Amino acid sequence: GIQVEQSPPDLILQEGANSTLRCNFSDSVNNLQWFHQNPWGQLINLFYIPSGTKQNGRLSATTVATERYSLLYISSSQTTDSGVYFCAVDLTGANSKLTFGKGITLSVRP
Amino acid sequence: GAVVSQHPSRVICKSGTSVKIECRSLDFQATTMFWYRQFPKKSLMLMATSNEGSKATYEQGVEKDKFLINHASLTLSTLTVTSAHPEDSSFYICSASSRNNQPQHFGDGTRLSIL
């Protein structure tokens with residue numbers, strides 16, 4: 001099956017710093033999503049980005065489908081950005097299942 | 001838009017009890033919903049794909065008689081953990097999308113604790 005690898009596994013930042021989170025996947029995908037899981041377990045949709053670049057406030061994401069990777073950029077990090085960031089992909093987009101990476105645990109210190 | 005509601009958010013019950021978890025798409029119809037399980041500090045693992053009007057498709061290693069899934073309408077899927085035991089304690093979360101090539105939206109999850 002498709003492999004999804006995220007790096008780094010853990011990241012500690014000082015408030016205000018910028019960071020880049022990476023997601024590599026092993027096959028062509030029709031859907032790629034980035035999520036933030038908060039301490040209460042809620043999965044927050046950040047981006048639906050099978051290709052191209054999108055921005056939402058301090059966050060932006062880029063997916064290069066031909067090279068099978070996606071990047072999530074966090075600028076001017078805040079303590080509320082702490083949590084686990086997941087990348088998830090599906091192969092066909094036909095209501096197909098998502099395969100999740102192992103996640104990146106981000107801690108932003110004041 | 002694209003809100004998925006999941007209930008209950010937390011359940012604590014005795015071993016041997018059956019527990020039903022509901023997943024509803026509030027503002028869209030979903031022919032397919034998905035059920036995931038997450039252990040502490042781990043990623044989400046797909047358990048099954050819930051198909052409206054037909055049997056669910058279970059992932060390898062998931063006991064279909066233990067985890068009963070019903071998708072009776074285009075807006076509701078239920079997961080019943082039958083005769084739950086402590087090893088069934090986990091975080092269960094559902095998702096749905098409105099149509100092909102659209103993002104999946106997740107419920108807030110259910111934290112199940114079996115004593």
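What you see is a predicted model; the values in this text were computed from it and never measured. Residue numbers begin at 1 in each chain, while the letters A, B, ... track the order of the sequences.
- B:Ser43 approaches A:Gly101 most closely through the heavy-atom pair OG-O, 2.6 Å.
- Residues B:Met33 and B:Leu79 fall into different hydrophobic clusters, defined by Ile, Leu, Val, Met, Phe, Trp and Tyr side chains chained together at heavy-atom separations under 4.5 Å.
- At a heavy-atom cut-off of under 4.5 Å, chain A is reached by B:Asp108, B:Arg111 from residues 107-115 of chain B, listed in order of number.
- Within residues 102-110 of chain A, the residues having any heavy atom under 4.5 Å from a heavy atom of chain B are, by residue number, A:Lys102.
- In plain terms, the two heavy atoms of A:Gln37 and B:Phe91 that are nearest each other are NE2-CE2, 4.0 Å.
- Each of B:Leu68 and B:Val11 belongs to its own hydrophobic cluster when Ile, Leu, Val, Met, Phe, Trp and Tyr are linked at side-chain heavy-atom distances under 4.5 angstrom.
- When hydrophobic clusters are built by joining Ile, Leu, Val, Met, Phe, Trp and Tyr residues whose side-chain heavy atoms come closer than 4.5 Å, directly or via intermediates, A:Val4 is not grouped with A:Tyr69.
- In the hydrophobic clustering of ILVMFWY residues, with side-chain heavy atoms under 4.5 Å counting as a link, A:Ile2 and A:Val64 come out apart.
- Going from atom CG of A:Leu43 over to atom CD1 of B:Ile93 covers 4.0 Å, rounded to the nearest 0.5 Å.
- For B:Leu44, the parts sitting under 4.5 Å from any heavy atom of chain A are the backbone and the side chain alike.
- Only the side chain of B:Glu59 comes within contact range of chain A, judged by heavy atoms closer than 4.5 Å.
- The CZ atom of B:Phe106 lies 4.5 Å from the CZ atom of A:Phe35; values are rounded to the nearest 0.5 Å.
- Interface residue B:Lys42: only backbone heavy atoms are found under 4.5 Å from chain A.
- Chosen from A:Leu98, A:Val84, A:Thr99, the residue pairing most often with chain B at heavy-atom distances under 4.5 Å is A:Leu98.
- With a 6.0 Å radius and a threshold of 12 heavy atoms from other residues, nucleotides or ligands, A:Glu5 has its CD atom at or below the threshold.
- Linking ILVMFWY side-chain heavy atoms closer than 4.5 Å, directly or via other members, places B:Trp35 and B:Val81 in a single hydrophobic cluster.
- The main-chain N or O of B:Pro103 is never found under 3.5 Å from a side-chain atom of A:Gln33 such that the two would form a donor-acceptor pair.
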